[in-house]
Amino acid sequence: MNESTMQRLRYHYEPKIPKVFAEPLSLIKPERGEATHAQSDQAELKEIFPNTYGMPIIRFVKGKSEVEHKPLKFGVILSGGQAPGGHNVISGLFDALKKGNPNSKLYGFLSGPEGLVKGRYVEIKKALIDKYRNTGGFDIIGSGRTKIETEEQVESSIQNVKKLKLDALIIIGGDDSNTNAAFLAKYFIQAKLDTKVIGVPKTIDGDLKNQYIETSFGFDTATKLYSELIGNICRDVNSARKYWHFIKLMGRSASHIALECALKTQPNVCLIGEELAEKKVTLKQVTDYIVDIIVKRSKKGENFGVVLVPEGIIEFIPEMDELIEEINDLMAGKASAFSKLKTFTGKKSWLQKHLSKKSFTLFDSLPENISLQLLMDRDPHGNVQVSRIETEKLLIDLVGRKLTEMKKEGTYNGKFSTYAHFFGYEGRSAFPSNFDSDYCYTLGFTAFLLAINGFSGYIASVRNLTDAVEYWLPCGVPLSMMMNLERRKGKMTPVIKKSVVDLKGKPFKTYEKNRDKWAVETVYRFPGAIQYFGDLEVCDIPTKTLLLEKGNLKEKRKKAKK
């Protein structure tokens, strides 16, 4: 491997850990908390997951352990899109295994869940893991989006687990991947396997969280990296003073990334999808809102600005969501007929016959390139691939049309020059921040403790994340508690419920309080690059979202000691 200076330096970073993890394993015990239930669809989910529904919350505390630390065999899977810190989850898992017994083994399944199905794996040894500690990416074993759902896939997975005699399988992934983990736990129990299945919360989108999971790993690093880029653009636009930058950010089902970046950089516009959905805002109203800000700034001689757009924004606009849902349902039921249509004109004519009048009128009003993007190949769940729809360019087009009309009417005489950006993949495999390095290592160690104590169908969790790391609380949360039923490929399916931006929560309320000022005044903030060495106030600080939601426990503890 061709190592950079940063790689060599990061290999030697030692993640900080909760103080309970500094104890011998014989003095770390699980403490059972309250029983749990799903947030909705409780009767249905109890029937679907009869062996794992309603299990208690687990907390790890200092105390005598009942576990015998014999040599163990664990498997690990990286599933779904990359997120900074995945390698540190595996590092924490590996170190915990070896701490329990030096003869324990860890196997990494290659290319995600497909590796489990096809029996493709590699043993992760010290020499291998040491090349990846505190680094970004998932390249140690690769990742993939295969869903284990057919009888053949399940049976093949069971046989490969038996072949390796695995004591546990750790699945590192987002909501779909951890839904897969919940089903595998169920299937393994039904097959009378002793193999425990534990999930780990991964997604830069920040939408895998609840009262027990404060944040998914990768969100901290990704939003810091995006905010650095946005801050750089804010500085540049304030220097050139002649461009409007429309920046699309990752976040299909929730606007957490956009909100966090807005709190860090104070752009002129940040669209929050959840707010648009609640207020039933139309695409025209979104356009008018942006135009109004552009006109106000133009009157001040400031024909420049920055607009943040979550990638899934069009699904939050009710009329667009209805259109997309109709198209998804059509594709699920009539995909064969549609695939035979080769021209856009033919596809459009076909849609006119099958879509509702309201939806087709909206479809017909869109720029042709956006209409074509709505008809691209579907994702593995049969849905529109929203991340490939150039929403930022759609808004530029609609805003530009409106401003042209206003110029003809004499109500606008400014200049509207634009650039479009999509910040997505840039943030998924960055060197993890110190926060994510520590958090992920702790998650890996926690996953190990859950498995060796006999728990299955759980997801590793760490609480008190705004406190000093030594005071973090490692926990386990039943996956069934996080489930609900959603429509997938035309039928109701159990999936982990995504967490969306809470419009009554402090992060959004803080943005709402300031956005009118940020819209017309040029008050950009410049977060700068992620810092890995130096002042802990800069290096270790968590996201503004976490600090606003949970309060700064570290500062409260300092004040209490004075």
Side-chain angles (χ1 to χ4, degrees), residues 204-205 222-223 225-252 255 257-262 264-273 276 281 283-295 297-298 302-317 320 324 365-376 384-407 412 414-428 518-519 522 524:
I204 67 166
D205 289 354
T223 53
L225 190 147
Y226 296 144
S227 295
E228 176 200 354
L229 298 176
I230 294 165
N232 292 347
I233 287 177
C234 288
R235 179 74 79 181
D236 187 83
V237 79
N238 197 27
S239 302
R241 305 181 73 81
K242 59 182 178 180
Y243 299 116
W244 274 90
H245 291 259
F246 284 66
I247 304 170
K248 184 173 73 171
L249 295 162
M250 279 207 165
R252 171 176 176 172
S255 307
I257 288 178
L259 178 56
E260 173 67 20
C261 292
K264 279 185 164 78
T265 62
Q266 301 179 180
N268 305 105
V269 179
C270 177
L271 301 177
I272 302 299
L276 302 187
V281 173
L283 192 56
K284 181 182 182 303
Q285 287 172 320
V286 172
T287 302
D288 290 344
Y289 171 69
I290 298 173
V291 165
D292 182 61
I293 291 171
I294 290 172
V295 171
R297 289 181 61 78
S298 177
E302 298 189 332
N303 291 295
F304 63 89
V306 175
V307 180
L308 303 187
V309 184
E311 68 173 330
I313 197 71
I314 60 172
E315 289 189 300
F316 283 102
I317 299 171
M320 287 296 296
I324 290 170
S365 72
L366 299 173
E368 185 174 315
N369 64 316
I370 301 299
S371 299
L372 284 168
Q373 289 166 10
L374 285 170
L375 303 177
M376 289 186 298
V384 169
Q385 298 194 60
V386 171
S387 65
R388 292 172 62 184
I389 297 174
E390 296 174 315
T391 319
E392 70 282 19
K393 293 182 180 179
L394 168 63
L395 291 173
I396 287 173
D397 183 276
L398 296 176
V399 168
R401 289 186 201 176
K402 177 74 173 179
L403 290 172
T404 298
E405 290 174 9
M406 292 177 69
K407 254 189 177 176
Y412 168 69
K415 295 180 180 179
F416 183 61
S417 299
T418 63
Y419 280 101
H421 312 265
F422 174 32
F423 294 159
Y425 296 98
E426 297 88 341
R428 301 200 313 171
W518 299 351
T522 302
Y524 305 133

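All of these numbers come straight from a predicted model, not from anything done at the bench. Each residue takes its place number in the sequence, starting with 1.
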Residue pair Val269 / Tyr289, side-chain heavy-atom distance below 4.5 Å: yes
Side chains of Leu374 and Leu366 in contact at under 4.5 Å (non-hydrogen atoms): yes
Heavy-atom pair with the smallest gap, counting every atom of Leu394 and Pro367: CD1-CD, 3.5 Å
Audit row: Ile317, Val281, side chain to side chain contact (heavy atoms under 4.5 Å, CB included) steps and yes/no: CA-CA 6 Å; Ile317 299 171; Val281 173; 5.8 Å; no
Residues in side-chain hydrogen bond (donor to acceptor under 3.5 Å, both in side chains) contact with Thr287, at least two apart in sequence or another chain: none
Val286 and Phe316, any side-chain heavy atoms less than 4.5 Å apart: no
Chi angles and distances behind the side chain to side chain contact (heavy atoms under 4.5 Å, CB included) call for Phe423, Leu308: CA-CA 10 Å; Phe423 294 159; Leu308 303 187; over 6 Å; no
For Phe422, all residues meeting ring pair (Phe, Tyr, Trp, His ring centres under 6.0 Å), sequence neighbours excluded: none
Any side-chain heavy-atom pair of Leu259 and Cys270 under 4.5 Å: no
Short N-O contact, Asp397 and Lys393, less than 4.0 angstrom: no
Non-hydrogen side-chain atoms of Ile294 and Tyr412 separated by less than 4.5 Å: yes
CD1-OG distance between Ile293 and Ser298, expressed to the nearest 0.5 angstrom: 13.5 Å
Minimum side-chain heavy-atom gap Val237-Tyr524 below 4.5 Å: yes
Closest heavy-atom pair and its distance - Glu390, Ile370: O-CD1, 3.5 Å
Closest heavy-atom pair and its distance - Cys261, Tyr226: SG-CB, 3.8 Å
Where Ile314 and Met320 come nearest, the two heavy atoms and their spacing: O-CB, 2.9 Å
Side chain to side chain contact (heavy atoms under 4.5 Å, CB included) against Glu228, all qualifying residues, sequence neighbours excluded: Asn232, Ala529
Main-chain N/O of Ile389 paired to Lys248 side chain as donor or acceptor, under 3.5 Å: yes
Non-neighbouring partners of Tyr243 that pass ring pair (Phe, Tyr, Trp, His ring centres under 6.0 Å), sequence neighbours left out: Tyr419
Sidechain-backbone polar pair: Glu311 side chain, Gly251 backbone, donor-acceptor under 3.5 Å: yes
Check against side chain to side chain contact (heavy atoms under 4.5 Å, CB included), Lys415 and Lys242: CA-CA 8 Å; Lys415 295 180 180 179; Lys242 59 182 178 180; over 6 Å; no
Any Val307 side-chain heavy atom under 4.5 Å of Leu395 side chain: no
Gap between atom CD1 of Ile257 and atom CD of Glu260 - 0.5 Å precision: 10.0 Å
Heavy-atom side-chain proximity of Arg297 to Thr522 below 4.5 angstrom: yes
Exceeds 12 heavy-atom contacts within 6.0 angstrom, atom NZ of Lys407: yes
Side chain Gln373, main chain Ser371, donor-acceptor under 3.5 Å: no
Residues that Arg235 engages under side-chain hydrogen bond (donor to acceptor under 3.5 Å, both in side chains), provided they are two or more places apart: none
Sequence-distant partners of Lys284, side-chain hydrogen bond (donor to acceptor under 3.5 Å, both in side chains), two or more places apart: Asp288
Contact summary for Ala420 and Glu392, nearest pair of heavy atoms: CB-CG, 3.7 Å
Main-chain N/O of Val306 paired with Asn268 side-chain donor or acceptor, under 3.5 Å: yes
Donor-acceptor pair, side chain of Ser255 and main chain of Gly273, under 3.5 angstrom: yes
Residue pair Ala258 / Leu271: nearest heavy atoms and the distance that separates them: CB-O, 4.4 Å
Side chain to side chain contact (heavy atoms under 4.5 Å, CB included) between Ile230 and Leu249, worked out: CA-CA 10 Å; Ile230 294 165; Leu249 295 162; 4.1 Å; yes
